[in-house]
Amino acid sequence: MPLTHKQLPEAYRQMLVIRKFEEAIRNLYQQGKIRGSFHPCVGQEAVAVGACWALRPDDKMTCTYRGHGHALAKGLNVRAAMAEMLGKVTGSSKGKGGSMHFTDPAVGLLGANAVVAAGIPHAAGAALAAQLQKKDYVALAFFGEGAVNQGVFHESLNLAAIWKLPLILVCENNLYSEMSPSHETTSTVETYKRAAAYGIESLRVDGNDVEAMFNAVEAAVANARAGKGTTYIEAMTYRLWGHMMGDPEVYRTKEEVAQARENEPIVRLNKRLHEIGCSDADVAKLEAEAEAIIAEALEFAESSAVPAPEDAFEDVFA
Amino acid sequence: MPLTHKQLPEAYRQMLVIRKFEEAIRNLYQQGKIRGSFHPCVGQEAVAVGACWALRPDDKMTCTYRGHGHALAKGLNVRAAMAEMLGKVTGSSKGKGGSMHFTDPAVGLLGANAVVAAGIPHAAGAALAAQLQKKDYVALAFFGEGAVNQGVFHESLNLAAIWKLPLILVCENNLYSEMSPSHETTSTVETYKRAAAYGIESLRVDGNDVEAMFNAVEAAVANARAGKGTTYIEAMTYRLWGHMMGDPEVYRTKEEVAQARENEPIVRLNKRLHEIGCSDADVAKLEAEAEAIIAEALEFAESSAVPAPEDAFEDVFA
Amino acid sequence: MTILTYAEALNEALREEMRADPRVFLMGEDIGHHGGIFRVTKDLIDEFGAERVRDTPISESGFVGMGIGAALVGMRPVVELLFMDFALVAADQIVNQAAKLRYMAGGTVSVPIVIRAQQGGGRGNGAQHSQSFESWLAQVPGLIVVAPSTPADAKGLLKSSIRAGNPVIFIEHKLLYNTKGEVPAEQDLIPIGKADVKRAGRDITIVSYSRTLHFALEAAEALSPKGIEAEVIDLRTIEPLDMDTILESIKGTARLLVVHEAHSNCGIGAEIVARVYEQAPNSLVTPARRLGAKHVPIPVAESLENFVLPQTADIVRAVEAMF
Amino acid sequence: MTILTYAEALNEALREEMRADPRVFLMGEDIGHHGGIFRVTKDLIDEFGAERVRDTPISESGFVGMGIGAALVGMRPVVELLFMDFALVAADQIVNQAAKLRYMAGGTVSVPIVIRAQQGGGRGNGAQHSQSFESWLAQVPGLIVVAPSTPADAKGLLKSSIRAGNPVIFIEHKLLYNTKGEVPAEQDLIPIGKADVKRAGRDITIVSYSRTLHFALEAAEALSPKGIEAEVIDLRTIEPLDMDTILESIKGTARLLVVHEAHSNCGIGAEIVARVYEQAPNSLVTPARRLGAKHVPIPVAESLENFVLPQTADIVRAVEAMF
Ligand SMILES: Cc1ncc(C[n+]2csc(CCOP(=O)(O)OP(=O)(O)O)c2C)c(N)n1
Ligand SMILES: Cc1ncc(C[n+]2csc(CCOP(=O)(O)OP(=O)(O)O)c2C)c(N)n1
Ligand SMILES: [Mg+2]
Ligand SMILES: [Mg+2]
């Protein structure tokens with residue numbers, strides 16, 4: 001059943017935590033405290049929260065380098081995530097993985113991946129394992145619309161179709177892959193139509209509407225648990241910030257971004273909360289709570305130790 | 001325009017040359033004179049001849065390890081092909097390539113390939129070159145229906161679609177990939193429907209009817225030359241022999257094969273020749289000519305020298 | 001003791017591990033109903049069913065990636081690549097994924113997958129079906145690389161690989177499948193990372209593995225009448241390298257030749273030579289040598305292929321040149 | 001003489017070759033309108049148009065394969081991989097196709113393609129975006145592998161690579177793009193296969209290339225006051241290896257250290273060491289050494305990454321240990 005009115009405020013707080021997490025990272029990045037690249041998910045929070053909240057903790061998930069929202073929504077500890085961004089030993093990967101590889105099997109997060117589309121077969125494999133283990137967990141893979149042109153995407157969809165895997169494929173269509181408008185590089189702009197050609201249940205949803213997102217994934221999960229196989233969900237959204245820090249964003253107009261801001265998920269959920277009777281005070285409280293969570297995580301991460309050099313030799317093999 | 005009545009007897013002879021080439025190889029193989037594996041195209045001659053005869057000598061083509069028919073139909077010298085099978089220095093690849101790598105750029109044969117689907121992007125690249133060079137040649141890629149599940153197939157189709165490449169994709173659907181019925185491994189049995197999802201012109205033809213095959217490819221070539229882009233042609237055919245020498249063929253019944261023999265391309269074209277007024281004598285003459293071509297090639301190949309060991313160091317770099 | 005072929009020994013190892021551990025399952029092209037092009041999975045589908053012996057489409061990245069995903073959630077997939085050459089279409093999944101996921105996750109996940117494939121030349125299969133990739137895969141931290149030369153080692157090492165709990169590249173050789181050898185009925189595990197002295201000798205140490213190990217043994221027999229007694233070490237595991245066994249041997253022989261079918265350039269031979277000069281610089285009376293394939297793609301014609309790949313006679317010549 | 005960054009020098013090379021030869025064209029992700037994530041193809045689309053400076057989908061196998069096909073029919077494609085790590089998703093096209101097609105065709109075709117990519121660590125990009133693949137690709141017969149360390153070498157070698165008429169893997173380093181250096185206005189070709197002595201010295205030969213070449217030069221300066229004068233050789237081309245320059249140098253120095261960022265196992269360092277003992281066994285007074293990345297995936301945290309990848313201080317230490 002759909003998100004209850006009780007859950008919506010919590011979803012709002014979760015989306016705010018993700019938003020503020022990315023804002024905090026941007027500050028740290030500008031202070032030169034973050035190494036490597038950072039691919040913010042600002043503007044795409046509803047896809048992550050709507051999808052992950054339709055999953056059980058034991059359901060598995062893989063995502064991408066733009067995966068902070070996915071990971072936090074699935075239950076990754078905020079402190080561990082923040083510490084990982086700072087390369088601290090208390091990080092979710094002990095500082096070895098960084099921004100692009102958040103992982104926590106305890107919450108079903110099998111891993112964010114820095115290779116486009118590479119995490120899709122991992123989710124499919126977890127779905128296959130569920131079948132073999134005769135368990136009823138499902139697997140969900142997040143990927144961008146640019147990933148549909150990568151070979152392993154295609155191979156995975158065919159395998160998911162012939163084996164009727166309990167798999168949910170969530171394509172986050174934010175219109176761009178890096179600095180390229182995806183309609184220039186993808187023959188079928190509506191990627192869910194390509195997915196349909198494999199005989200997979202396919203649909204498109206408004207990825208900035210957390211309720212629509214939740215409902216679509218919840219239905220797909222129900223089908224998957226019922227042995228009805230894989231569903232492909234194309235979630236239409238928009239990346240409000242650049243592809244990564246330092247992106248000059250010459251490929252799109254200020255107007256386009258300004259317009260997108262009016263339709264962004266947090267603004268919309270905020271409106272919705274008022275519709276269902278939340279007061280400004282209620283909303284302010286949620287925002288304060290999110291602030292506090294991030295501030296506390298930041299404090300934790302900043303005060304944590306960096307790994308000892310020799311730690312590099314650990315965690316190669318089980 | 002379609003194959004003239006004058007061309008049909010020649011097409012028959014060409015198909016017989018291919019058939020008898022494979023029969024000769026089988027004999028050599030049984031005599032232990034052929035190294036490596038041999039993937040016969042017996043039963044699929046009409047696809048090769050119908051398609052290649054709709055091409056100009058300067059049109060480019062890539063094919064597969066099951067490519068003897070494709071190569072000969074495109075114009076590869078029969079002696080050079082036979083000598084290559086025997087690993088002779090007079091072979092089309094000087095004995096370095098063998099059964100799976102027939103190549104002759106002089107007739108537009110860019111190469112047979114032993115990696116499933118790997119030759120498809122090469123044809124696409126040649127088609128791109130035609131665009132860049134402002135020339136009107138086209139490129140054609142042969143591949144089996146099992147190749148549609150390989151990532152690079154998918155990547156190539158999208159690229160062909162977005163760049164409107166002068167490319168013809170010929171899927172030889174012989175129902176099996178190795179020992180597996182392809183409907184068990186491919187979610188969309190009608191592969192041309194998958195191709196359609198890329199926005200590529202797609203159709204299915206009777207690949208055992210050399211005239212239908214010729215007409216389909218001729219039309220696709222005309223479109224490609226006219227700048228109308230890529231066409232995908234699924235040619236339905238059947239592999240009368242095993243996947244390779246030594247295939248026990250337990251995956252199909254004798255009845256199935258027997259039935260296929262009634263519908264095989266040479267039997268059918270033989271009927272057709274009589275319809276258009278060829279006498280038994282005319283047909284017998286064509287068969288004798290084909291025999292002679294193969295006998296002469298065999299003679300040439302057997303009497304050719306093997307490469308000197310040090311020749312191994314040549315032909316790595318231009 | 002029973003006499004088995006290399007392929008039969010592998011088949012037994014798979015059968016025993018599948019019986020012992022329900023988490024073990026197989027994926028690959030034509031491994032089910034057909035029992036594998038090289039018969040390694042023969043009849044396993046009859047005992048374990050199509051669920052655990054899965055025929056796949058021609059989608060190596062896809063099904064290797066799925067093996068990784070299944071391993072991440074506790075399964076023990078054994079994935080077959082029909083030819084090692086096709087590791088190249090699945091290279092991202094093997095090198096960027098299987099080898100690195102645990103490390104990038106700070107040890108919170110593991111990837112207990114075995115990727116099996118036959119490799120090598122000698123059959124005229126041509127440049128795209130005759131390669132040897134152990135030197136490449138040994139460069140990749142996070143991968144274990146195994147390459148047995150006998151039926152007994154094949155069985156014992158495959159069982160150990162399936163239980164290793166980490167990504168193992170299990171290398172078979174197309175021309176070893178029909179070779180026969182004794183396999184102890186009570187054959188159990190052969191440890192990963194342990195080389196085996198297949199022939200004792202005092203005059204020179206020849207290190208090899210897989211098919212060329214047998215060439216090395218032939219060469220040793222040919223050298224014996226000439227008064228040269230070669231010690232032949234079978235690496236069995238390529239990564240991690242068992243340097244102890246090698247260093248121990250050259251203490252006695254003071255001469256070292258490494259032989260492999262893989263190309264010489266940046267090969268296991270070069271690695272062993274470099275390590276010997278790092279770890280026991282003064283142990284040799286003549287410079288260490290390695291013998292690998294000549295630096296060209298593998299040609300088809302017999303006269304060419306035999307020239308490019310190291311043969312027994314080449315080993316004999318190389319050894320004689322060291323005295 | 002003008003001062004250019006490494007990226008600008010590469011950009012000039014591409015521009016000059018595209019002006020001189022209409023067969024040259026570029027493919028890659030965001031190389032056109034955006035001018036490349038690392039700005040190497042900056043503004044080229046303005047002069048040469050979107051036909052010759054082609055933005056591609058995220059389909060590395062597809063567009064590398066198309067580059068090969070275009071090369072087969074006479075074009076001169078220069079294909080960019082955004083990170084060398086992604087060579088793994090195109091590995092079949094690079095290793096099974098580009099490197100072998102000419103040989104398998106008995107020399108009747110050629111594959112004049114350049115595959116460019118930046119590689120290496122030092123930026124905290126993590127295990128899937130920090131690898132060094134030269135030792136792998138040098139194992140593959142049919143590939144030329146180039147890795148310049150300075151703007152002048154980058155320009156001269158890229159021009160030579162485009163004209164080479166064969167498959168060239170052109171390796172750039174993400175942390176060299178903004179380094180500056182003099183580039184002769186009349187800069188012409190720098191020959192493939194020729195190493196360069198970047199610093200003369202009599203006491204030890206340090207062989208390196210790409211980013212670690214600069215660490216070697218720093219180390220040499222640090223060692224000089226201590227009375228050790230190192231000769232620093234920049235390989236520039238990884239395959240074919242210029243052994244002559246190395247052997248000539250150690251005639252004078254009698255000591256050899258090879259340094260690279262790639263992992264040590266089966267690396268260029270091991271290859272050079274093995275060749276030195278084969279070709280000039282008695283030329284060294286202390287055993288040859290090599291220094292590469294420690295055998296683990298590349299971690300993100302600075303304390304870890306700096307420990308795993310060879311640093312200037314590590315080179316100094318290694319050299320001192322050889323005296
Ligand atoms: C195989 C591969 N090729 C190229 C890249 C470089 N890259 C990183 S993100 C990206 C764009 C992906 O776009 P999309 O799939 O739409 O996801 P988004 O970034 O928009 O979330 C590219 C090309 C990569 N990581 N992996
Ligand atoms: C990437 C790759 N995987 C596996 C193989 C082994 N193989 C050779 S032929 C073949 C079956 C191909 O079937 P199909 O595409 O239908 O062509 P057909 O043989 O029927 O003509 C397979 C799996 C290969 N050559 N390349
Ligand atoms: Mg996108
Ligand atoms: Mg088929």
Side-chain angles (χ1 to χ4, degrees), chain A residues 34-37 65 83-89 91 93-101 113-118 144-154 176-182 184-187 243-244 246-248 250-251 305-317, chain D residues 27-39 42 50 54-65 81-83 85-93 121-131 174 293-309 311 314:
Chain A
I34 303 272
R35 308 188 71 222
S37 40
Y65 50 87
E84 188 61 30
M85 289 304 300
L86 287 171
K88 299 301 183 77
V89 71
S93 295
K94 305 181 191 168
K96 289 182 170 126
S99 180
M100 302 199 286
H101 300 292
N113 212 297
V115 178
V116 165
E145 85 291 343
V148 305
N149 296 318
Q150 183 66 215
V152 76
F153 162 86
H154 165 77
Y176 295 91
S177 57
E178 282 191 353
M179 293 67 184
S180 299
S182 292
E184 291 178 6
T185 55
T186 309
S187 67
H243 165 67
M244 57 185 181
D247 177 355
V250 290
Y251 49 86
V306 301
E310 305 69 29
D311 294 354
F313 290 123
E314 286 161 25
D315 303 319
V316 178
F317 289 116
Chain D
M27 289 195 282
E29 291 152 11
D30 293 308
I31 66 168
H33 298 295
H34 186 64
I37 297 291
F38 297 92
R39 327 302 296 140
K42 187 167 182 300
R54 307 183 76 91
D55 281 325
T56 65
I58 311 170
S59 307
E60 286 81 1
S61 293
F63 66 76
V64 169
L81 298 173
L82 209 37
F83 282 71
D85 309 73
F86 310 147
L88 291 166
V89 291
D92 178 73
Q93 289 297 327
R123 281 186 72 234
N125 287 115
Q128 293 178 333
H129 279 65
S130 305
Q131 294 168 93
K174 50 175 72 65
K294 298 185 171 62
H295 198 62
V296 299
I298 312 302
V300 166
E302 193 161 21
S303 58
L304 300 173
E305 188 175 26
N306 290 345
F307 175 72
V308 169
L309 301 180
Q311 307 294 324
D314 301 314

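Quick note: numbers below take in every heavy atom, side chains included, and nothing from hydrogens, waters or symmetry partners. Proteins come first, then strands; the chains are lettered A, B, ... in the order of their sequence lines, and each starts at number 1.
- Contact of D:L82 with chain A is made through the side chain alone, with heavy-atom distances under 4.5 Å.
- For chain A, no part of D:S130 is nearby; none of its heavy atoms comes within less than 4.5 Å.
- Of the listed residues (A:A114, A:G246, A:G87), the one with the most heavy-atom contacts under 4.5 Å to chain D is A:A114.
- Interface remark: A:K88 contributes no atoms to any contact with chain D (heavy atom separation under 4.5 Å).
- We find the OH-CD distance between A:Y65 and D:Q128 to be 12.0 Å, quoted to the nearest 0.5 Å.
- Of the two parts of A:T186, neither the backbone nor the side chain holds a non-hydrogen atom closer than 4.5 Å to a non-hydrogen atom of chain D.
- Among D:V296, D:V89, D:D85, D:D30, the residue making the largest number of heavy-atom pairs under 4.5 Å with chain A is D:D30.
- Interface residue A:N113: backbone and side-chain heavy atoms are both found under 4.5 Å from chain D.
- Using a 4.5 Å cut-off between heavy atoms, A:F313 contacts chain D through both its backbone and its side chain.
- Using modelled atom types, no side-chain atom of A:R35 and backbone atom of D:G126 make a donor-acceptor pair closer than 3.5 Å.
- Contacts between D:E305 and chain A at a heavy-atom distance below 4.5 Å involve the side chain alone, from C-beta outward.
- Considering every non-hydrogen atom in both D:S59 and A:N149, the closest pair reads OG-O, 2.6 Å.
- In this structure, no portion of A:A117 lies under 4.5 Å from any heavy atom of chain D.
- When all heavy atoms of D:F307 and A:A312 are compared, the closest pair comes out as CD2-CB, 3.8 Å.
- The shortest heavy-atom contact between A:K96 and D:L304 is CG-CD1, 3.8 Å.
- Both the backbone and the side chain of A:M179 come within less than 4.5 Å of a heavy atom in chain D.
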Practice task
Show the numbers, then the answer: is there a side chain to side chain contact (heavy atoms under 4.5 Å, CB included) between D:H33 and A:Y251?
Solution key: CA-CA 8 Å; D:H33 298 295; A:Y251 49 86; over 6 Å; no
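- When every heavy atom of D:P297 is checked against every heavy atom of A:V316, the shortest pair comes out as CD-CG2, 4.1 Å.
- With a 4.5 angstrom heavy-atom cutoff, A:V115 touches chain D via backbone and side-chain atoms both.
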Problem - Working for side chain to side chain contact (heavy atoms under 4.5 Å, CB included), residues D:I37 and A:M244 - result: CA-CA 11 Å; D:I37 297 291; A:M244 57 185 181; 3.8 Å; yes
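- Open room surrounds NZ on D:K42; 12 or fewer heavy atoms of other groups in view lie less than 6.0 Å from it.
- Residues A:P307 and D:S303 come closest through the heavy atom pair O-OG, 2.8 Å.
- With contacts defined as side-chain heavy-atom distances shorter than 4.5 Å, the pair A:E178/D:H34 does not qualify.
- Contacts of D:S61 with chain A are absent, with no heavy-atom separation under 4.5 Å from either backbone or side chain.
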